[in-house]
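Given the structure is predicted, the values throughout are model-derived calculations rather than measurements. The figures that follow rest on heavy atoms only: side chains count, while hydrogens, waters and symmetry mates do not. Numbering of ligands and ligand atoms starts at 1, following listing order.
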Amino acid sequence: MAADLITHILDDHELIRTRFSLVEDAGPDGREPLFRELVALLARHEAVESIVLHPTVHDHVPDGAKLADARRAEEQEAEERLAELEDMDASSDVFAAALAQLRDEVLTHAAAEERDVLPQLRQHIDATELRRLGDQYERLRAAAPTHPHPRSGQGTVSNLFGGPILGLVDRVRDALVDALGDPGDSRAPAASGGHAYEDWTVEQLQDRAAELDIDGRSSMATAELIAALRRQNANA
Ligand SMILES: [Fe+2]
Ligand SMILES: [Fe+2]
């Protein structure tokens with residue numbers, strides 16, 4: 001039987017814990033390439049969660065908006081911490097200390113998802129739907145970039161994925177939505193009513209979201225708006 005959304009997220013969390021240990025165990029001179037891989041993994045995980053997990057929690061779990069917002073805030077903090085590390089020398093003690101702090105924040109965030117969010121999914125979403133969401137998660141995860149490209153200089157990951165770490169999760173998420181269309185709709189994008197939302201301006205997307213009375217629209221990023229509109233169309 002295919003793994004469901006909860007299993008995929010738990011597996012990813014386990015992988016993240018393991019990768020943090022690998023970076024920390026590598027020692028000053030071996031940290032950097034492993035850290036880059038870790039950043040790629042974190043960006044991919046949070047980007048896919050932002051597409052599949054948070055909107056589902058927001059829409060289908062009691063108090064879901066509050067739960068989803070709390071997790072998003074933790075993810076934003078972790079991304080800011082990651083950004084602090086990006087121009088540090090990976091072999092330095094300062095980097096090691098910041099890395100330890102990042103690990104604590106990320107693992108606390110993962111634990112909060114496991115304690116406060118995943119059981120709610122199990123309770124409020126049926127097994128078939130959780131497996132469908134698991135398939136989406138897997139598809140998006142497989143399409144995400146896994147090999148960051150370091151800037152030519154040593155001791156930095158500033159050029160990861162062609163830009164700064166700050167905003168990286170959004171860039172990965174936008175790239176995934178562009179590449180795969182609406183993950184909330186198992187049909188091909190063209191079959192979902194021909195809505196080429198990617199060609200719309202943010203204002204047009206917001207206007208349409210207002211017409212459809214989509215909750216939380218004003219705080220949504222472009223990709224979230226597009227996903228929410230397509231979900232609404234699919235459910236219509
Ligand atoms: Fe998360
Ligand atoms: Fe997570």
Side-chain angles (χ1 to χ4, degrees), residues 3-23 35 37-61 63-85 99 101-125 129-146 148 160-161 165-177 183-184 216 219-221 223-224 227-228:
D4 69 11
L5 176 61
I6 293 170
T7 305
H8 280 300
I9 290 175
L10 290 173
D11 285 353
D12 248 6
H13 287 179
E14 197 49 44
L15 186 60
I16 288 166
R17 289 187 188 96
T18 305
R19 292 292 177 82
F20 264 109
S21 298
L22 278 178
V23 181
F35 176 67
E37 298 291 342
L38 173 67
V39 173
L41 172 63
L42 290 173
R44 181 179 62 183
H45 176 71
E46 302 303 357
V48 176
E49 280 189 346
S50 77
I51 299 171
V52 182
L53 174 65
H54 300 328
T56 302
V57 171
H58 186 284
D59 292 349
H60 298 292
V61 165
D63 256 348
K66 216 166 108 188
L67 274 179
D69 285 351
R71 301 292 81 78
R72 283 197 192 99
E74 290 164 1
E75 289 167 4
Q76 182 61 34
E77 274 175 39
E79 192 176 59
E80 285 166 14
R81 176 81 54 199
L82 263 183
E84 286 173 20
L85 271 80
L99 181 69
Q101 196 158 3
L102 173 73
R103 179 203 59 213
D104 287 350
E105 288 172 2
V106 168
L107 299 191
T108 297
H109 164 69
E113 285 178 346
E114 293 176 11
R115 184 190 61 231
D116 299 335
V117 177
L118 301 186
Q120 296 269 28
L121 286 185
R122 182 75 76 208
Q123 194 178 340
H124 296 284
I125 298 178
E129 177 64 4
L130 282 177
R131 277 198 300 279
R132 193 182 70 81
L133 293 167
D135 288 347
Q136 289 171 7
Y137 189 98
E138 196 172 22
R139 213 155 44 92
L140 289 160
R141 193 181 184 284
T146 54
L160 190 69
F161 300 142
I165 283 178
L166 210 56
L168 177 61
V169 173
D170 281 351
R171 293 200 302 281
V172 172
R173 182 182 57 204
D174 289 348
L176 286 173
V177 171
S219 61
M220 287 182 184
E224 287 175 300

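With respect to the Fe ion (ligand 2), E49 has OE2 as its nearest N, O or S atom. Within E46, the N, O or S atom lying nearest to the Fe ion (ligand 1) carries the name OE1. Of all the N, O or S atoms in E113, the one closest to the Fe ion (ligand 2) is OE1.
Note on D12: not counted as a metal contact of the Fe ion (ligand 2), no N/O/S atom lying under 2.8 Å. Using a cut-off of 2.8 Å, one finds that H109 contributes an N/O/S atom close to the Fe ion (ligand 1). Under 2.8 Å from the Fe ion (ligand 1) lies an N/O/S atom of E75, whether from backbone or side chain.
Salt bridge status for D69 with K66: absent, with no side-chain N to carboxylate O gap under 4.0 Å. Taking 4.0 Å as the cut-off between side-chain N and carboxylate O, E138 and R141 do not count as a salt-bridged pair. A salt bridge links E114 with R17; the closest basic N to acidic carboxylate O contact falls under 4.0 Å.
Note: Y137 and H8 have parallel aromatic rings, judged against thresholds of 30 and 60 degrees for the angle between ring planes.
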Evaluate side chain to side chain contact (heavy atoms under 4.5 Å, CB included) for L107 paired with H13, printing each intermediate quantity in order.
CA-CA 8 Å; L107 299 191; H13 287 179; over 6 Å; no
